[in-house]
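Quick notes on the structure that follows.
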Protein chains: 2
Amino acid sequence: MTTKYNLVKETIKSWIVEGKVAPHQKIMSENELVEHFSVSRHTVRQAIGELVNEGWLYREQGRGTFCAYREHLRRKHTDKMIGIVTTYISDYIFPSIIRGAESFLSSKGYSIILASTNNQIEEEKNCLQTLLGKNIDGLIIEPTRSAMYNSNLDYYLQLEANQIPYVMINATYPQLQPPSLTMDDELGGYIATKHLIDSGHKQIVGLFKTDDLQGVNRMKGFVRAHREHQLPITPSTIISFNTEEKEWKPQQELRELLSAKGSRPTGIVCYNDQIAISLLDVTRELKLRVPEDISMVGYDDSLLAEASEVKLTSIKHPQTIMGEEAAKMLLDIIEGKADRQTLPPVVYKPELVIRKSTQRV
Amino acid sequence: MTTKYNLVKETIKSWIVEGKVAPHQKIMSENELVEHFSVSRHTVRQAIGELVNEGWLYREQGRGTFCAYREHLRRKHTDKMIGIVTTYISDYIFPSIIRGAESFLSSKGYSIILASTNNQIEEEKNCLQTLLGKNIDGLIIEPTRSAMYNSNLDYYLQLEANQIPYVMINATYPQLQPPSLTMDDELGGYIATKHLIDSGHKQIVGLFKTDDLQGVNRMKGFVRAHREHQLPITPSTIISFNTEEKEWKPQQELRELLSAKGSRPTGIVCYNDQIAISLLDVTRELKLRVPEDISMVGYDDSLLAEASEVKLTSIKHPQTIMGEEAAKMLLDIIEGKADRQTLPPVVYKPELVIRKSTQRV
DNA sequence: TACGCCATTTTGTACGTACAAGTTCAAATA
DNA sequence: TATTTGAACTTGTACGTACAAAATGGCGTA
């Protein structure tokens, strides 16, 4: 899908969406675009041709190419539509979050447009661009790779320029300071780790995904718990990974760690339940019993935690409630009941749910 | 106006209008057209490109260019939005179905509007009304209470009047005969029951939700399996319930049945995995072990089946594949590659997945 | 000042080439 | 027999060239 003419097309579309060109304003001539993109005129014409067909531009022979006046750019009447952008749609706790938002919004007569980024910055850009082209009243967004530099900030600023309110859940981009609903992940990581320490564990390994803020914060809590209890943190104590690696790296590193000679860790703190479940395969393979030989704490208290072979001790995530309250907050802003500048961030306190995957040493 | 590409375009259009090429029939290849009109390939592509845009033709890379089936007047402006109406959004297998549709549709540049009916006819009406008010290109619908009289048929006829194509999944309203993707639930119920019969079970109880066609068909299969194996069907052999009762009635009736004096059933066929899981609580309560004391077959092969205490023998449901193929079928209709009148229904064959919840008597 | 002319710029039409990518089907291979 | 390979054909992307047709604006002339 990443052809040259598509690149040209998307770039020009982004100029329109971001307001760099106003309706009826002339854009660069074909020859200038040829220069600008270093492609042939044929390619430029192909890109422009499609944009004309889709109603973004119109051409006049001899005069130039112009930005079309798009009826729905002037947002007079509302379609009562809310966009929801999450990293995933069908996996893990996301269906529950979406359900919370959906049930509230539909009870208020709003429709939901769904989009997912698969935790790819590039896809987040596509989502935002698409949604900016529609007449939506507001957005609920779960940030993509919130711990890394995000090149889509322009689109968020564009949302604000277009007076489209949005709230963020699970994490926020620190540069934006939008209204948000998050967990206190630092405290969650602390509680999970402290639970193991209080149960007598001295060698605990933590596995965290560090390309989003949730993982980074959970790791911070993990470190603080160690500090406060005078437990050392060795290089092998923390295994970090990113989205691409989540299917193999934690498993592989843990396997190496547990099969190494010397003293073996007796406790594991996991980034989330999904990782914890996948690590159960590793412990089974190494003939280590959970929790007799090794204790394990998950995070999010998802369905998986209760449905797995060994029911997981985990940290509760508000899920449906977060979705519902995010929707409520968004509608408050849309209806003028609240002001996005002064709205205090909602922070949910984590709670430990003790099940069968942890025990005293 | 009498340019070369216009001549080519009008000539090809006339072939269609005069019926020299039928819908879905391949027209000359680009090279043949180059020969035929003595023009360059560029000119041919320009002509065909416009005809594709106007909905007269469609192209398939590697196969050729085809005459579109066009009953559509090609609405002026498309927002590239597809509505998805399901009974539930976040529960059970629905996230997987939605993901399949979402990933395909978003790769084709479409957005998704989600709505759920919670299996309430009244809410289905609201959904359809809302969606009819938006400029959507098509709909994927999972019928609500498909086994009962549906008072929203008018809205579906309205969809057809507005030339908004739709496909149905999981079940169809028999009066409408829309393009559909369903499972052979009768066969599924038969296979589930036969599996128990073949394992030596003689007293089998079936629990079915009978306000949707899936449940009714699964029950039919259950009955046929009994007939074909000369097993009697007593009043207590089948427990039926509807959506409102699903939280308590199957559990309560099974509890009564199992605690009654006399011979106890040794096998249970469930409407779906959700019910099966909830019945595990009943058997545990009555101190009956699964599968040692009683075998149990679920349906849909959901995540639950593999994640539960006792891993469930179940019937496979296509889930993501069904979502994806429903989306594909819908786009084919929208683009004129297929027409709703002649499109054959897709019926998935059920498959038995044997796990730990069943064994020989 | 008003008008016509013309060079310049811009999009439109039309030709050409080359290679990539997907489909089909028959021949070769295991 | 079933599977793989590959040639042939189809549409897709991308480069190039040339000239036509429409709009614009500056210049000289009436």
Side-chain angles (χ1 to χ4, degrees), chain A residues 1-13 15-16 21 23-69, chain B residues 1-13 15-16 21-69 104 107-109 324-325 328 331-332 335-338:
Chain A
M1 195 40 159
T2 170
T3 56
K4 286 196 182 182
Y5 83 89
N6 231 300
L7 177 74
V8 174
K9 183 180 162 186
E10 293 305 318
T11 307
I12 295 175
K13 202 199 281 185
W15 292 345
I16 300 171
V21 284
H24 305 305
Q25 188 190 325
K26 189 170 170 300
I27 68 166
M28 284 196 260
S29 77
E30 291 180 359
N31 280 323
E32 285 170 320
L33 289 168
V34 165
E35 285 277 306
H36 186 270
F37 289 102
S38 301
V39 294
S40 69
R41 181 160 171 237
H42 175 86
T43 305
V44 168
R45 279 187 67 75
Q46 192 171 4
I48 290 179
E50 292 197 2
L51 289 170
V52 168
N53 256 314
E54 291 169 20
W56 296 90
L57 300 172
Y58 62 90
R59 292 188 276 209
E60 284 183 37
Q61 190 175 47
R63 298 219 314 130
T65 307
F66 304 85
C67 175
Y69 180 75
Chain B
M1 190 51 155
T2 171
T3 57
K4 284 197 186 180
Y5 84 89
N6 232 302
L7 176 73
V8 174
K9 182 180 161 184
E10 292 305 321
T11 307
I12 295 175
K13 202 197 284 185
W15 291 346
I16 299 170
V21 283
H24 309 306
Q25 190 189 323
K26 190 169 169 301
I27 68 165
M28 283 195 263
S29 77
E30 292 180 358
N31 281 324
E32 286 170 323
L33 290 167
V34 165
E35 286 275 305
H36 186 268
F37 289 103
S38 302
V39 294
S40 71
R41 182 164 167 230
H42 176 90
T43 307
V44 168
R45 278 188 68 77
Q46 191 170 9
I48 290 178
E50 293 197 1
L51 288 171
V52 168
N53 255 313
E54 291 167 22
W56 295 91
L57 299 173
Y58 62 90
R59 292 189 275 208
E60 284 182 38
Q61 189 176 36
R63 298 213 325 126
T65 307
F66 304 84
C67 175
Y69 180 83
F104 181 78
S107 81
K108 298 290 178 189
E324 187 177 327
E325 294 187 345
K328 211 173 288 184
L331 286 202
D332 279 352
E335 290 166 4
K337 285 188 194 175

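Sequence lines set the chain letters: A, B, ... in the order given, protein chains first and strands last, and positions in each chain run from 1.
Applying the side-chain hydrogen bond (donor to acceptor under 3.5 Å, both in side chains) rule to B:His24 yields the partners B:Tyr58, B:Asp339; only residues at least two apart in sequence or on another chain are considered. Evaluation of the side-chain hydrogen bond (donor to acceptor under 3.5 Å, both in side chains) rule for B:Arg59 yields no partner, not counting sequence neighbours. For B:Lys9, the side-chain hydrogen bond (donor to acceptor under 3.5 Å, both in side chains) partners at least two apart in sequence or on another chain are B:Glu50, B:Glu54.
Rounded to whole Å, the distance from OH on B:Tyr58 to P on D:dT10 is 17 Å. With rounding to whole Å, B:Leu33 atom CG is found 16 Å from D:dC9 atom P. If you measure from atom CZ of A:Arg63 to atom P of D:dA23, you get 9 Å, rounded to the nearest angstrom.
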Could you go over nucleotides 5-7 of chain D and give all protein N or O partners under 3.5 Å, atom names and distances?
none

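Salt-bridge check for B:Lys328 with B:Glu325: failed, with every basic side-chain N at 4.0 Å or more from each acidic carboxylate O.
You'll find the side chain of A:Trp15 stays beyond 4.5 Å of the side chain of A:Gln25, heavy atoms only. The closest side-chain heavy-atom distance from B:Ile12 to B:Val21 is not below 4.5 Å. Using a 4.5 Å heavy-atom cutoff, the side chains of A:His42 and B:His42 are in contact. Side-chain contact between A:Ile48 and A:Leu33: present, with at least one pair of heavy atoms (C-beta onward) separated by less than 4.5 Å. The side-chain heavy atoms of B:Leu331 and B:Phe104, taken from C-beta on, include a pair separated by under 4.5 Å.
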Where do A:Phe37 and A:Glu32 land on the side-chain contact (heavy atoms from CB on, under 4.5 Å) test, with the steps shown first? CA-CA 9 Å; A:Phe37 289 102; A:Glu32 285 170 320; over 6 Å; no
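Each of A:Glu60 and B:Lys26 was assigned the nucleotide of DNA chain D with the nearest heavy atom; the assignment lying further toward the 5' end belongs to B:Lys26.
Taken residue by residue, residues 41-52 of chain A places heavy atoms nearer than 4.0 Å to DNA chain D at A:Arg41, A:His42, A:Thr43, A:Gln46.
Along DNA chain C, read 5' to 3', the first and last nucleotides having any atom under 4.0 Å from a heavy atom of chain A are C:dT10 to C:dT13.
Residue B:Ser29 places no side-chain N or O under 4.0 Å from the OP1 or OP2 atom of D:dC9.
Heavy atoms from other residues, nucleotides or ligands lying under 6.0 Å from CD of A:Glu60 number more than 12.
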